[in-house]
Amino acid sequence: MDRIQAIVEQFRQGDYSGFPVFYEETHRKVYYISYGILGNEFDAGDAMQDTYVRFIQSLERFKAGTNPFAYLATIARNLCYDILDKRNREVGFREEIGDEETLAAGAPDIDGLDEVKRILAPLNESEREIVVLHVLDDLKFREIAEITGKKLSTVLVTYNRAMKKLKRKEEDR
Amino acid sequence: MRRKDIEKNLRTLAESSSVPNEMEETYRLVKQIPQNPEPKKKGWFERWGWKALTGTASAVAAGFAAFFVIDSLSSPGTVPGPIDGSSERPVTTLPSNLEEKEATAIGKQAASLLNLAGVFDADANTLALRASRYDRDEQVSTADLDSAARDIDGFIDMVADFSEDDWVIDLVAEEYKISVADGEDTFEIEYEETHISAYMHTFSGTIVVSDTQIPFEGMIEDLGPSGREVEMSITIGDERIEVEQEIEQGENEYSFSFFRSGSSVPYKTIEFENEVEGIEGESSIEIFEQGIETECEFEYLANSADGSMGNRFFAEYSRESSVPSVNSVEAEVNISKNADGTHTYTFEGGHSITI
């Protein structure tokens with residue numbers, strides 16, 4: 001994290017030479033957020049690019065000393081929901097997941113993220129988002145509360161409920 | 001399947017997936033972003049005049065801030081005080097809708113809250129909060145592992161409190177009065193309830209400890225075979241503690257939020273989960289406080305049918321901190337309870353400490 005914070009400070013000075021390292025350290029997590037909201041790799045890929053550009057453009061609003069990835073995640077999330085507002089919400093996961101039974105019966109070589117999608121399918125949008133942000137993006141609940149604009153206690157309770165749903169689903173398999 | 005297994009599975013799957021890497025193209029776009037324009041040279045007033053004005057404004061603002069802080073300290077809490085109504089409560093028989101298990105839940109939860117707050121550890125005239133145990137100003141061992149062991153020692157008390165059925169509840173029918181005893185400590189609760197529906201009722205009342213009155217209020221929702229949800233809030237001085245409890249098929253979850261001086265944002269949260277299945281017990285605690293996130297998961301063998309904690313535990317502990325003076329720690333610990341009541345913590349690698 002210190003290395004990333006140092007690179008971000010360089011960005012503030014107009015020095016983008018550390019960008020390749022910054023991208024390598026963060027792009028997977030940005031993709032998880034984008035893919036989780038938008039549901040397809042093409043839109044998620046486009047959103048990723050725009051996320052990084054907006055991050056650099058809005059650095060004056062980033063508070064030094066805080067987690068740069070949390071700020072990046074906020075930008076990614078807001079951008080993806082802007083994109084999603086142009087089409088219906090909830091299309092991404094539900095349509096892309098297809099028939100759950102088919103997925104369960106099929107494809108031994110299914111991509112890892114497709115399997116993540118299948119596992120998270122029983123969750124509602126809010127639960128899914130919090131699980132992705134905490135489990136895949138390693139964000140603390142406090143950071144998730146700031147990113148999503150929810151109360152910390154709401155994030156904790158929602159995450160707990162999501163985990164219980166996932167536990168029950170796995171035990172029923 | 002444990003929560004940690006689900007989380008690990010999700011991470012493993014995600015890490016195995018192919019993710020587009022468009023670094024080159026993205027970098028090209030980033031390099032085209034104009035750098036910050038050179039700041040304009042300031043005129044005389046912009047260099048000196050604003051400072052003079054803001055100095056005055058700051059003094060005025062500080063005066064107002066001080067006024068509001070003093071005012072809030074003299075008006076602690078947002079929870080209503082003791083029950084309205086006459087000081088003499090009419091004697092009445094216990095209504096059939098107030099089942100003993102509900103009264104027990106309220107009494108037990110209130111007692112747990114007070115235990116968490118350190119009331120039972122305090123002098124008669126001092127309500128020292130157990131929350132201060134985790135205060136940043138506390139002196140801890142310089143060795144990170146020893147510090148972790150002390151954290152875990154405190155967590156074990158918390159886990160034991162929520163796991164062991166050592167509360168003695170005497171239900172007094174006449175006045176909705178419950179006496180709870182924890183060893184030699186006793187306190188009394190008086191409360192009244194309001195039925196919202198057949199499955200939900202609210203309650204508000206007062207806990208009395210050593211002539212100190214602690215107002216509380218809450219709600220119980222009976223989920224039938226699924227279990228029960230209880231919410232409660234208590235106010236001690238300028239501290240307010242809110243708790244949500246969910247009981248479901250052998251699992252018991254608590255979520256605590258600590259507020260200070262009427263703030264709507266908790267300065268500390270504790271999430272506790274306990275599950276006992278047969279002779280095996282599993283508990284987890286997560287604490288978030290002032291930039292420090294501490295997690296501890298316990299596995300233990302219960303040595304009695306009621307799930308009381310046995311003499312051997314295993315814990316996975318992690319402390320992540322954005323506070324420079326507090327190091328992050330991850331540790332796996334075997335814990336054994338000694339005959340004299342102390343615990344010996346043996347970390348992976350052999351380091352051990354007895355507390």
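Throughout, a chain's letter reflects where its sequence line sits, starting with A, and its residues are numbered from 1. Just so it is clear, the values below take in all heavy atoms, side chains as well, and ignore hydrogens, waters and symmetry mates.
Every residue meeting the ring-ring contact (aromatic ring centres under 6.0 Å, His included) condition with A:His134, not counting sequence neighbours, appears here in chain and number order: A:Phe141, A:Tyr159. In this view, A:Arg61 satisfies the salt bridge (charged side-chain N to carboxylate O under 4.0 Å, His left out) rule with no residue, not counting sequence neighbours.
Per-residue counts of heavy-atom pairs under 4.5 Å with chain A were compared for B:Lys31, B:Glu286, B:Lys8, B:Glu15; the largest is that of B:Glu15. The candidate from B:Glu24, B:Arg11, B:Glu273, B:Glu320 with the greatest count of non-hydrogen atom pairs under 4.5 Å with chain A is B:Arg11.
Proximity to chain B (any heavy atom under 4.5 Å) is restricted, for A:Asp138, to the side chain, taken from C-beta onward. Contact of B:Gln32 with chain A is not made at all, since no heavy-atom distance falls under 4.5 Å. Only the side chain of B:Glu293 comes within contact range of chain A, with at least one heavy atom under 4.5 Å from a heavy atom of that chain. Residue B:Glu253 touches chain A through its side chain alone, counting heavy-atom pairs closer than 4.5 Å.
A:Phe19 and A:Phe22 have tilted rings, their planes meeting at an angle from 30° to 60° on a 0 to 90° scale.
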Verdict with reasoning, B:Val230 to B:Glu244, per side-chain contact (heavy atoms from CB on, under 4.5 Å): CA-CA 6 Å; B:Val230 183; B:Glu244 293 179 20; over 6 Å; no

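Under a cutoff of 6.0 Å and an axis angle of 45°, A:Lys29 and A:Phe69 form a cation-pi pair.
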